[in-house]
Amino acid sequence: MGAEEMTEVVLPGKVEPEGLQVRQRAVPAAGPGQVVIRTEATGVSFAEQQMRRGRYYDQPPFPFVPGYDVVGTVSAIGDGVAAGLVGTRVAALLKVGGWASHVVVDAADAVPVPDGIGAAEAETVVINGITAWQMLHRKARVRAGHTVLVHGANGGVGSVLVQLAQATGAKVIGTASARHHAALLERGVTPIDYRTENIPARVRELAPGGVDAVFDHVGGRSVVDSWGLLAPGGTLVSYGSAATRDDTGSKQWPVLKLLGRVWLWNALPNGRNAYFFNVWAGKALSKNRFRARLRNDLTQVFTALHRGDITPAIAAQLPLDRVAEALRLAESGTVSGKVVLVP
């Protein structure tokens with residue numbers, strides 16, 4: 001009998017979505033301390049949209065398999081891994097490699113998914129949930145009575161941020177295009193149309209004393225406005241530079257510029273804080289601490305999902321071989337929630 005085959009999607013270079021290549025190869029074996037995950041769901045994040053343009057600030061050289069995170073069942077284990085893990089549904093944060101029917105990861109990086117949560121539902125809150133949770137609780141420390149501004153409140157991270165903030169008892173103002181306002185209002189969010197309204201003026205009307213936290217994935221001019229909207233003691237968490245997605249030139253420059261601004265703002269004696277959030281921060285310094293924090297926080301996110309604090313927002317589910325269509329849909333800006341790929 002031949003080796004088991006797997007399917008993977010390769011990003012060969014800067015291409016249109018149709019330029020992605022679907023290929024077959026043998027399923028790799030798990031090495032010592034590793035597990036093979038048979039993928040049940042992976043997804044399209046903003047990172048992959050940047051990667052196909054060569055714009056993600058620390059992407060590997062082409063060609064590579066994209067896919068920031070994965071949910072699936074452990075199908076094989078390497079030496080030194082507990083046999084009980086086989087058949088367990090787990091989630092893993094990868095950065096790259098997830099757009100495949102099988103993925104090999106260190107067993108220590110596989111976080112169990114509680115019973116009662118489907119694979120696609122869990123997938124919507126892996127990278128999005130961990131990002132939202134850590135920004136909200138570890139950086140901004142949002143609590144009951146706070147008012148927060150969430151940019152892109154209907155997006156993958158934004159929609160989870162909104163719900164987690166509300167679960168703490170915070171009041172949420174969210175920017176989104178008009179088509180998403182009815183859904184946001186229903187959720188108790190005060191929406192602002194970023195296309196037609198003056199965001200700073202509208203936020204000052206709604207929160208004359210400033211807001212306690214701003215979560216900004218836009219970067220560029222937006223992040224300067226966001227800093228100006230903070231109340232004394234408030235926190236700005238910048239976590240991307242979406243405004244530069246279609247730019248050309250250095251992919252590092254927008255991030256370096258953001259880091260420079262954050263450093264400068266924090267040096268000012270004004271009692272406000274600014275962070276540039278990167279989910280991978282601290283991994284190089286202490287892998288064990290990073291893993292423990294990730295496991296703890298992702299487990300908290302899954303608990304919130306199970307409890308109903310977060311409603312999983314699945315924009316669409318498409319098979320892995322229709323990845324070009326999935327990427328186009330995610331990039332269209334017309335959907336709410338996450339586009340999920342199912343092998």
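Treat the numbers as computed from the prediction; the structure is a model and nothing was measured.
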**Asked** Under the side-chain contact (heavy atoms from CB on, under 4.5 Å) criterion, do R204 and L229 qualify, and how do the steps go?
**Response** CA-CA 7 Å; R204 282 192 193 97; L229 292 169; 4.0 Å; yes
**Request:** Answer yes or no: is there an ion pair linking R293 with D297, defined by an N-O contact shorter than 4.0 Å?
**Result:**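 Not counted as a salt bridge, because no side-chain N and carboxylate O are separated by less than 4.0 Å.
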**Item:** NZ/NE/NH1/NH2 to OD/OE distance under 4.0 Å, R53 and E331
**Value:**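 Salt bridge: yes.
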What's the shortest heavy-atom distance between [X] and [Y], and which atoms?
{"X": "A82", "Y": "I77", "answer": "O-CD1, 3.9 Å"}
{"X": "S336", "Y": "A315", "answer": "O-CB, 3.3 Å"}
{"X": "A274", "Y": "V262", "answer": "O-CG1, 3.4 Å"}
{"X": "V35", "Y": "A107", "answer": "CG1-CB, 3.9 Å"}
{"X": "A100", "Y": "T39", "answer": "O-OG1, 2.8 Å"}
{"X": "L320", "Y": "P343", "answer": "CB-CA, 4.0 Å"}

Evaluate the side-chain proximity of [Y] to [X]: yes if any heavy-atom separation is below 4.5 Å, no if none is.
{"X": "W99", "Y": "V44", "value": "yes"}
{"X": "R141", "Y": "T235", "value": "no"}
{"X": "F277", "Y": "S238", "value": "no"}
{"X": "K283", "Y": "L294", "value": "no"}
{"X": "P28", "Y": "M6", "value": "yes"}
{"X": "D321", "Y": "T7", "value": "no"}
{"X": "H151", "Y": "L149", "value": "yes"}
{"X": "V96", "Y": "Q59", "value": "no"}

Side chain [X], main chain [Y], donor-acceptor under 3.5 Å:
{"X": "Q300", "Y": "N296", "value": "no"}
{"X": "H306", "Y": "D115", "value": "yes"}
{"X": "D225", "Y": "P200", "value": "no"}
{"X": "E123", "Y": "G43", "value": "yes"}
{"X": "R89", "Y": "I117", "value": "yes"}
{"X": "T124", "Y": "E121", "value": "yes"}
{"X": "Q166", "Y": "V172", "value": "no"}

Atom [atom1] of [X] and atom [atom2] of [Y]: how far apart are they, to the nearest 0.5 Å?
{"X": "I310", "Y": "L164", "atom1": "CD1", "atom2": "CG", "result": "4.0 Å"}
{"X": "T73", "Y": "I37", "atom1": "OG1", "atom2": "CD1", "result": "9.0 Å"}
{"X": "L318", "Y": "E325", "atom1": "CG", "atom2": "CD", "result": "5.5 Å"}
{"X": "L184", "Y": "T175", "atom1": "CG", "atom2": "OG1", "result": "9.0 Å"}
{"X": "L258", "Y": "W263", "atom1": "CG", "atom2": "CH2", "result": "15.5 Å"}
{"X": "K171", "Y": "T147", "atom1": "NZ", "atom2": "OG1", "result": "5.0 Å"}

Any link between [X] and [Y] through a network of hydrophobic side chains (Ile, Leu, Val, Met, Phe, Trp, Tyr) touching at under 4.5 Å?
{"X": "V162", "Y": "L185", "value": "no"}
{"X": "V335", "Y": "V340", "value": "no"}
{"X": "L93", "Y": "V74", "value": "no"}
{"X": "V103", "Y": "I130", "value": "no"}
{"X": "V339", "Y": "I314", "value": "no"}

**Item:** Residue pairs, two or more places apart or on separate chains, that pass side chain to side chain donor-acceptor pair (under 3.5 Å) and touch residues 8-20
**Value:**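 Every side chain to side chain donor-acceptor pair (under 3.5 Å) pair that includes a residue of residues 8-20, provided the two are not neighbours, is E8-R23, E8-R25, E16-R328, E18-R328.
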Quick check: are there more than 12 heavy atoms from other residues, nucleotides or ligands sitting under 6.0 Å from [atom1] of [X]?
{"X": "R143", "atom1": "CZ", "answer": "no"}
{"X": "E186", "atom1": "CD", "answer": "no"}
{"X": "D58", "atom1": "CG", "answer": "yes"}

**Item:** Cationic tip of R272 above W265 ring, under 6.0 Å, 45° of axis
**Value:**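 No, a cation-pi geometry is absent between R272 and W265.
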**Item:** Candidate list R291, K95, R295, K287, test salt bridge (Lys or Arg N to Asp or Glu O under 4.0 Å), partner D109, passing option
**Value:**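 Among R291, K95, R295, K287, the one that satisfies the salt bridge (Lys or Arg N to Asp or Glu O under 4.0 Å) with D109 is R291.
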**Prompt:** Would you call the rings of F62 and F64 parallel, tilted or perpendicular if under 30° counts as parallel and over 60° as perpendicular?
**Reply:**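 Taking F64 first and then F62, their aromatic rings lie parallel (interplane angle under 30°).
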**Asked** Using the ring of each side chain (for Trp, its six-membered ring), is Y68 parallel, tilted or perpendicular to W280, with breaks at 30° and 60°?
**Response**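 Because their plane-to-plane angle lies in the 30° to 60° range, the rings of Y68 and W280 count as tilted.
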**Request:** Given side-chain contact (heavy atoms from CB on, under 4.5 Å), test Q34 with V81 step by step and report yes or no.
**Result:** CA-CA 7 Å; Q34 293 184 321; V81 178; 5.9 Å; no
**Message:** Under a 3.5 Å threshold, yes or no: a donor from one side chain and an acceptor from the other, between H146 and T168?
**Reply:**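 Note: H146 and T168 side chains miss the donor-acceptor criterion.
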**Asked** Does the side-chain contact (heavy atoms from CB on, under 4.5 Å) test come out yes or no for H217 and V157, once each step is laid out?
**Response** CA-CA 9 Å; H217 69 301; V157 175; over 6 Å; no
**Prompt:** Stepwise, does the side-chain contact (heavy atoms from CB on, under 4.5 Å) test hold for L136 with F215?
**Reply:** CA-CA 9 Å; L136 196 79; F215 301 94; 3.8 Å; yes
